[in-house]
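Since the structure comes first, as structure tokens, the remarks are kept for the end.
Numbers here are sequence positions counted from 1. Just so it is clear, the model here is predicted, and its values are computed rather than measured. What's counted below: heavy atoms across the whole structure, side chains too, no hydrogens, waters or symmetry copies.
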Amino acid sequence: PALRHPRRAAEELVEGLAGHAQAVVVVEVLHVQLEGAVRGEVHDGHDFVADAAARGAAAAWVSTEWARSRPEIDLPLIVADAPVAGLQRLRQSSGVLTPTQITLLETNQGVIMLQEAVQTVERTTHQWQQIGESLACIHLVHGQRFGLETQGYFGPLYQDNRPLDDWATFYAERRLWPRLMSAIDAGHVPSALIRQLETLIARLPDLCGPPIAPTLLHGDAQQNNYISSAQGAVVIDPAVYYGHPEMDLAYLDYFQPVPDAVFEGYQTILPIDPGFWQRRDLWRIYGYLAIVTLDVSYLDRLSACVRNNL
């Protein structure tokens with residue numbers, strides 16, 4: 001359909017072809033090309049990704065294992081099993097609890113990740129503290145640059161993780177600008193708010209606070225992406241990359257409030273910069289833009305966050 005975002009339309013088409021093609025699938029929708037590298041009975045499409053890059057592809061849809069072994073490919077890589085890879089990275093790098101993956105089930109709508117059932121317990125102060133402690137353990141891990149070697153998704157939306165050296169530039173170029181463009185494409189952002197967002201993005205170097213080391217993030221650390229169990233806080237549904245730790249802290253309660261015990265638990269392991277509480281709305285703008293792309297019900301929250309940073 002003409003009104004759909006071209007990149008997402010291309011991704012969905014490649015996803016629908018997964019398991020049926022025998023080599024690279026070249027897709028072009030409104031001049032946006034996406035390469036899908038899938039394994040078939042005759043050929044492995046990954047063998048053709050370099051050639052696809054040379055021919056001007058916008059991105060390649062590949063497995064995580066292949067993406068990590070081929071860093072010389074100068075092309076955004078979208079991993080087919082991004083949620084699985086994200087959980088594995090969090091578990092191996094920080095030691096946090098994650099569900100055990102059982103299998104991936106392919107359907108005509110995409111891929112379903114089947115995981116072990118986690119027996120939940122009622123959240124008391126202790127369980128809320130464990131969520132904060134788990135997040136802090138993730139934030140103990142640092143990288144060289146902001147971003148990640150592979151691309152991913154924030155909910156159903158494509159997330160560009162191509163690395164950059166500066167956080168303010170990364171937040172502008174890889175987060176706010178792409179998400180603003182998708183919200184505009186959806187017709188959900190008033191022109192006055194667009195102008196305000198443009199002004200805010202230009203001011204990011206002055207708004208982002210003191211320099212910070214690239215820090216491993218959950219990427220969507222809202223409270224429902226933690227399961228409280230007898231063993232501790234279990235992490236689910238990440239959108240992993242290396243970024244500013246305040247992004248995760250700001251998302252803990254951006255749907256609904258959380259007890260102070262979450263932040264107290266976090267601070268038993270890592271400090272929270274005093275300026276975070278003033279910057280919290282700045283980091284939430286990305287999440288609210290994502291929601292507004294799909295549903296205008298959060299437009300008031302987005303507008304308030306923008307006004308608070310002008």
Would you check if [X] and [Y] make a side-chain contact, meaning some heavy-atom pair closer than 4.5 Å?
{"X": "V240", "Y": "L217", "value": "no"}
{"X": "Q119", "Y": "V121", "value": "no"}
{"X": "Y241", "Y": "R175", "value": "yes"}
{"X": "E173", "Y": "D160", "value": "no"}
{"X": "P245", "Y": "I212", "value": "yes"}
{"X": "L87", "Y": "P238", "value": "yes"}
{"X": "Y171", "Y": "H244", "value": "no"}
{"X": "Q129", "Y": "T268", "value": "no"}

Can you see which heavy atom on [X] is nearest to which on [Y], and at what distance?
{"X": "A233", "Y": "Y226", "result": "CB-CD2, 4.0 Å"}
{"X": "P156", "Y": "L294", "result": "CG-CD1, 3.6 Å"}
{"X": "S182", "Y": "R179", "result": "OG-O, 2.8 Å"}
{"X": "G219", "Y": "F154", "result": "O-CE1, 3.4 Å"}
{"X": "L252", "Y": "F263", "result": "CD1-CE2, 3.8 Å"}
{"X": "A183", "Y": "V189", "result": "CB-CG2, 3.4 Å"}

Would you say the side-chain atoms of Y266 and H139 include a donor-acceptor pair closer than 3.5 Å? yes

What distance do [X] atom [atom1] and [Y] atom [atom2] have between them, rounded to the nearest 0.5 Å?
{"X": "L176", "Y": "Y286", "atom1": "CG", "atom2": "OH", "answer": "9.0 Å"}
{"X": "T98", "Y": "I236", "atom1": "OG1", "atom2": "CD1", "answer": "11.0 Å"}
{"X": "R174", "Y": "L148", "atom1": "CZ", "atom2": "CG", "answer": "12.5 Å"}
{"X": "W128", "Y": "S228", "atom1": "CH2", "atom2": "OG", "answer": "7.0 Å"}
{"X": "L90", "Y": "L97", "atom1": "CG", "atom2": "CG", "answer": "11.5 Å"}
{"X": "R162", "Y": "T150", "atom1": "CZ", "atom2": "OG1", "answer": "13.0 Å"}

Using a 3.5 Å distance criterion without hydrogens, assess whether the side chain of [X] forms a donor-acceptor pair with backbone atoms of [Y].
{"X": "D248", "Y": "H218", "value": "yes"}
{"X": "N308", "Y": "A304", "value": "yes"}
{"X": "S134", "Y": "I131", "value": "no"}
{"X": "R301", "Y": "Y254", "value": "yes"}

Is it possible for you to say whether [X] and [Y] belong to one hydrophobic cluster, with membership spreading through side-chain heavy-atom contacts below 4.5 Å?
{"X": "L193", "Y": "V296", "value": "no"}
{"X": "V306", "Y": "L180", "value": "yes"}
{"X": "F255", "Y": "L299", "value": "yes"}
{"X": "V96", "Y": "V118", "value": "no"}
{"X": "Y242", "Y": "Y251", "value": "yes"}

Stepwise, does the side chain to side chain contact (heavy atoms under 4.5 Å, CB included) test hold for R284 with D253? CA-CA 10 Å; R284 289 175 173 174; D253 58 349; 2.5 Å; yes

For L249 and L135: C-alpha separation, side-chain torsions, deciding distance, then whether side chain to side chain contact (heavy atoms under 4.5 Å, CB included) applies. CA-CA 8 Å; L249 289 169; L135 187 60; 4.1 Å; yes

Side-chain atoms of residues 197-208: list all donor-acceptor pairs with protein atoms under 3.5 Å, sequence neighbours left out, distances to 0.1 Å.
from, atom 1, to, atom 2, distance (Å)
T199, OG1, R195, O, 3.1
R203, NH1, N309, O, 2.9

Side chain to side chain contact (heavy atoms under 4.5 Å, CB included) assessment of T215 paired with V141: CA-CA 6 Å; T215 300; V141 182; over 6 Å; no

